[in-house]
Asker: 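Below are the structure tokens for one structure; questions will follow.
Being a predicted model, the structure only gives us computed values, none of them experimental.
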Amino acid sequence: MQEGRSARFIGVATVACVVLFLFHCGRFWWFTIDDAAISMSYAWNAAHGHGLRLTREAAPVEAYSNPLWVLLMMGPAALGAALEPVAKIGGVLAAAAALPCAVLVARRAGAGRLAPVAAAVLALGAGYALWAQAGLENGLWAGTVAAALLLTVRELDDASARPWSALPLGVLLWIRPEAPLVLAWFGAVRALVVWRRRLPWRRELVVLASVLAGAALLLGSRRLLFHDWLPNSYHAKRYERLTAQINFGRGKRYTWGFIRDYRLYLLAWVPVLALWPRRSRVAAVLALGLMAAAIGFGWYAAGDWAHDYRFLTAAWVGLAVLCALACAALAELVRQRAAGLLAALGVLTLFTVTAAARGAAVRRDPQFRITAAAREADCARLATLAQLLGRERPLVLAIDVGGMSRCGRLEILDYIGLADRSLPHLRDQDPSLREYLDDERAWDLGYGRGEVPRAIQRTPEHGSQYLQLHPRGTHPALMLYVRRELISPPPDFPATQRLALAGGLTLVGARSWPARVRPGGSALVELAVVVEPGVWLAPPWPTVEIALQGAPGGPRRVRAEAAPGADGWGALRAGDALLLRARVDVPTDASGTLTVVAGSARGPGQGPSPMD
């Protein structure tokens with residue numbers, strides 16, 4: 001009777017945690033990481049007969065590192081389904097399956113009625129919920145490693161159990177690149193336990209055969225399709241990894257950031273207590289292995305550009321099991337059930353507080369504005385701009401190419417090199433890289449943050465060939481570069497037919513320094529303007545009329561060209577906020593205070609806006 005009530009309590013509590021987890025995922029439903037669109041593009045192109053490639057015209061290069069996730073999306077893609085909701089819902093369901101698996105592991109290891117603590121930790125984990133629904137393989141990865149953990153613990157406890165763990169362990173290599181670390185840890189633990197407990201080795205041979213078959217199938221198909229033994233992402237990140245990871249600096253900051261942001265230093269007692277009871281030791285060691293594999297891969301990969309610790313999804317599964325086991329061990333150690341309940345309450349309070357804090361931090365973080373939908377919209381704008389400039393299929397140098405690859409209107413030169421076989425091998429050879437970027441034909445547009453501006457600024461020639469603008473966008477560091485010859489017509493070209501027409505700027509504010517000027521001196525005027533509908537701002541820059549108040553003989557008016565400052569601010573879309581700067585030379589017979597004339601700053605003409 002007591003056992004039946006305990007099982008019902010655990011079942012109801014687990015179901016409640018699953019419901020809470022689904023609501024938690026809903027908090028982040030607005031976010032689909034741009035990288036997820038890479039997998040979607042490959043699945044869509046393969047399902048519609050174009051092969052495994054990023055775009056229809058691209059070479060067959062393995063830009064993804066989650067082949068099973070791509071294969072699973074090919075079915076919905078062939079049926080014409082929208083892949084973004086399919087990926088998000090599939091990830092959430094797979095991640096939700098990890099909750100009952102974690103509870104069963106904790107219960108089998110002796111956690112009793114405290115086993116649902118494992119499900120509660122996963123339900124409250126902000127990072128776990130965020131990446132489960134982000135469109136990538138994280139949810140599938142979490143569900144698969146949780147199933148592998150449960151079946152492994154069951155088989156090591158029961159000599160008569162069938163080796164069903166061969167199924168999840170056999171597909172791990174198809175889901176995430178850190179799978180070898182998990183397999184090595186699980187293999188070592190299984191071999192040690194089998195040897196010490198004198199369990200039959202036949203099951204281990206079945207599991208080993210499944211893992212080797214999965215590995216052989218993966219490597220063989222990769223070699224056949226892409227003529228390489230490793231995914232191209234390995235080569236693409238090699239340069240960054242070797243240069244930034246000499247002292248494991250970024251990986252160390254990545255791990256410490258996870259511990260700091262989730263206040264995990266307050267749970268330092270958890271692994272110690274989880275390892276204390278003999279009956280829970282195997283499960284605790286395997287759970288620690290999941291955490292170690294996730295952290296080890298984070299160190300190896302020098303962290304991740306996406307904040308909130310995408311690589312540590314499996315660590316949440318291990319942490320959840322350890323928390324449940326530690327609370328149960330504390331109750332057993334002090335022989336007071338209330339102690340275990342208080343410990344569980346403290347753990348769940350901690351994760352509730354950090355969930356609220358991390359949810360707010362994610363909404364503030366500009367990195368999370370780099371979504372698949374935002375990049376797909378950027379692709380449409382860039383294609384419209386290029387069409388106005390006479391380029392039907394422009395070559396765009398970019399990073400964050402997932403959403404852009406789904407647009408189908410651009411040729412993409414992926415500067416990170418995920419979808420380019422040559423770029424990764426030239427990353428540490430600067431002259432060769434410059435030659436490659438300029439070799440076949442000059443790229444028309446550059447769009448991105450970080451790497452793209454650095455690529456353009458490598459040589460003075462690039463600075464003179466490309467106009468740097470900063471459109472209002474999803475990320476404050478985004479820069480847009482336009483090849484100058486596309487927007488600068490020859491001197492004898494009729495001015496009335498120029499594509500680059502400026503004007504239509506509504507003045508919203510201005511300031512000047514110094515406030516008072518001397519005769520023959522100069523001043524810098526900064527204008528805050530908004531681009532009006534139907535206008536594209538580009539060279540020649542507009543002129544502004546500035547009143548010089550307090551001058552002898554009454555106010556004097558001077559005109560000056562207002563251009564983007566040296567910091568590269570500019571605009572291409574209606575509604576974009578823009579800073580213009582004009583240097584004003586003061587006549588020798590005048591002095592006083594500079595005041596920008598109210599109204600609008602006007603350029604030589606108006607033209608259609610390509611970014612609307």
Asker: Indicate yes or no for a side-chain donor-acceptor contact from T152 to the backbone of L149 under 3.5 Å, with no hydrogens or angles considered.
Answerer: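 Answer holds: no.
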
Asker: Mark yes or no for whether K88, through its side chain, and G135, through its backbone, hold a donor-acceptor pair below 3.5 Å.
Answerer: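 No; zero donor-acceptor contacts below 3.5 Å.
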
Asker: Is it true that, when you exclude R197 itself, more than 12 heavy atoms of the residues, nucleotides or ligands shown sit nearer than 6.0 Å to its CZ?
Answerer: yes

Asker: Can you name the nearest heavy-atom pair linking A77 to A43, along with the distance?
Answerer: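 That would be CB-O, 3.9 Å.
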
Asker: Can you sort out the partners of D34 under side-chain hydrogen bond (donor to acceptor under 3.5 Å, both in side chains), two or more places apart, ordered by chain and number?
Answerer: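 For D34 there are no side-chain hydrogen bond (donor to acceptor under 3.5 Å, both in side chains) partners, ignoring immediate neighbours.
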
Asker: Say you draw a straight line from CG of L342 to CZ of R337; how long is it, rounded to the nearest 0.5 Å?
Answerer: 13.0 Å

Asker: Is the CH2 atom of W201 crowded by more than 12 outside heavy atoms at less than 6.0 Å?
Answerer: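 Atom CH2 in W201 is packed in, count exceeds 12.
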
Asker: Taking C-beta and beyond as the side chain, do E84 and R406 meet within less than 4.5 Å on heavy atoms?
Answerer: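 Answer yes - side chains close enough.
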
Asker: Using only atom types and a distance under 3.5 Å, with no angle test, would you say the side chain of W174 pairs donor to acceptor with the backbone of G214?
Answerer: yes

Asker: Between the main-chain N or O of W195 and the side-chain N or O of R198, is there a donor-acceptor pair closer than 3.5 Å?
Answerer: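 Checking the backbone N and O of W195 against the side chain of R198, no donor-acceptor pair under 3.5 Å is found.
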
Asker: Under a 3.5 Å distance rule, please check whether E155 uses its side chain to pair with a backbone N or O of S165 as donor and acceptor.
Answerer: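 Here the side-chain-to-backbone pair exists.
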
Asker: Considering only heavy atoms from C-beta outward, does the side chain of L122 approach that of F351 to under 4.5 Å?
Answerer: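 Not touching, per the 4.5 Å side-chain cut-off.
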
Asker: Please find the pair of heavy atoms, one from A159 and one from R203, that lie closest to each other, and give the distance.
Answerer: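 Scanning both residues completely, I find the closest heavy atoms to be O-NH1, 3.6 Å.
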
Asker: Between R310 and N138, is a side chain to side chain contact (heavy atoms under 4.5 Å, CB included) present by the stated rule, with each step listed?
Answerer: CA-CA 8 Å; R310 174 165 59 111; N138 296 78; 3.6 Å; yes

Asker: Nearest 0.5 Å, please: how far is SG in C327 from CG in L345?
Answerer: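 Spacing of CG (L345) from SG (C327) equals 10.0 Å.
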
Asker: Work out which heavy atom in D228 is nearest to a heavy atom in R222; give both atom names and the distance.
Answerer: O-CG, 3.1 Å

Asker: With the side chain counted from C-beta on, respond yes when W276 and L333 share a heavy-atom pair under 4.5 Å apart, and no when they do not.
Answerer: yes

Asker: Would you check if the side chain of S280 reaches a backbone N or O of A274 as a donor-acceptor pair within less than 3.5 Å?
Answerer: yes

Asker: Which atoms form the tightest heavy-atom contact between M74 and A47, and what is the distance?
Answerer: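 That would be O-CB, 3.5 Å.
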
Asker: Between the main-chain N or O of M404 and the side-chain N or O of R375, is there a donor-acceptor pair closer than 3.5 Å?
Answerer: no

Asker: If you take all heavy atoms of V105 and A283, which pair is closest and at what distance?
Answerer: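 Minimum heavy-atom contact is CG1-CB, 4.1 Å.
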
Asker: Run the numbers on I33 and I370 for side chain to side chain contact (heavy atoms under 4.5 Å, CB included), then give the verdict.
Answerer: CA-CA 7 Å; I33 189 172; I370 305 174; over 6 Å; no

Asker: Can you check salt bridge (Lys or Arg N to Asp or Glu O under 4.0 Å) on R279 and D157, steps first, answer last?
Answerer: CA-CA 9 Å; R279 68 174 179 274; D157 283 346; over 6 Å; no

Asker: Using the side chain to side chain contact (heavy atoms under 4.5 Å, CB included) criterion, which residues pair with A63? Sequence neighbours excluded.
Answerer: I38, Y42, L418, A419

Asker: Check each of Y262, W141, F311 against W316 using the ring pair (Phe, Tyr, Trp, His ring centres under 6.0 Å) test, and report the only one that passes.
Answerer: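 It is Y262; the other options fail the test.
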
Asker: Nearest 0.5 Å, please: how far is CG in L54 from OH in Y64?
Answerer: 11.5 Å

Asker: Pair Y254, L312 - check side chain to side chain contact (heavy atoms under 4.5 Å, CB included), show working.
Answerer: CA-CA 10 Å; Y254 190 72; L312 302 181; 4.1 Å; yes

Asker: Which residue pairs pass the ring pair (Phe, Tyr, Trp, His ring centres under 6.0 Å) test with at least one member in residues 3-36, sequence neighbours excluded?
Answerer: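 Checked against ring pair (Phe, Tyr, Trp, His ring centres under 6.0 Å) - neighbours excluded - the pairs reaching residues 3-36 are F21-Y128, H24-F28, F31-W131, F31-F368.
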
Asker: Should L114 and L341 count as side-chain neighbours, where that means a heavy-atom distance under 4.5 Å?
Answerer: yes

Asker: In Å, rounded to the nearest 0.5 Å, how long is the span from CZ of F258 to CG of L264?
Answerer: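 Rounded to the nearest 0.5 Å, the CZ-CG separation comes out at 5.0 Å.
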
Asker: Are side-chain heavy atoms of L288 and L322 found at a separation under 4.5 Å?
Answerer: yes

Asker: Counting only heavy atoms not in W164, do more than 12 fall under 6.0 Å of its CH2?
Answerer: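 No, the 6.0 Å shell around CH2 holds no more than 12 heavy atoms from other groups.
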
Asker: If you compare all heavy atoms of L124 against all heavy atoms of A355, which two are closest, and at what distance to 0.1 Å?
Answerer: O-CB, 3.3 Å

Asker: OG of S65 to CG of L230: how many Å apart, nearest 0.5 Å?
Answerer: 11.5 Å

Asker: Side chain to side chain contact (heavy atoms under 4.5 Å, CB included) between L156 and V193: does it pass, once the steps are laid out?
Answerer: CA-CA 7 Å; L156 295 179; V193 173; 4.0 Å; yes

Asker: Does any part of the side chain of C323, heavy atoms only, come nearer than 4.5 Å to the side chain of L267, both counted from C-beta?
Answerer: yes

Asker: Just how far is it from atom CG of L219 to atom CH2 of W229, taken to the nearest 0.5 Å?
Answerer: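 These two atoms lie 6.5 Å from each other.
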
Asker: Where the side chain of T144 meets the backbone of L140, is there a donor-acceptor pair that is under 3.5 Å apart?
Answerer: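 It does hold such a pair.
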
Asker: Could you check whether any side-chain heavy atom of S210 comes within less than 4.5 Å of a side-chain heavy atom of L169, counting everything from C-beta outward?
Answerer: no

Asker: Could you walk me through whether D261 and R358 satisfy the salt bridge (Lys or Arg N to Asp or Glu O under 4.0 Å) test, starting with their C-alpha distance in whole Å, then the side-chain angles of each, then the deciding distance to 0.1 Å, before giving a yes or no?
Answerer: CA-CA 8 Å; D261 290 344; R358 294 309 301 163; 3.6 Å; yes

Asker: Can you confirm whether V347 sits close enough to V121 that some side-chain heavy atom of one is under 4.5 Å from a side-chain heavy atom of the other?
Answerer: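 The answer is yes, as the side chains (C-beta and beyond) meet within the 4.5 Å cut-off.
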
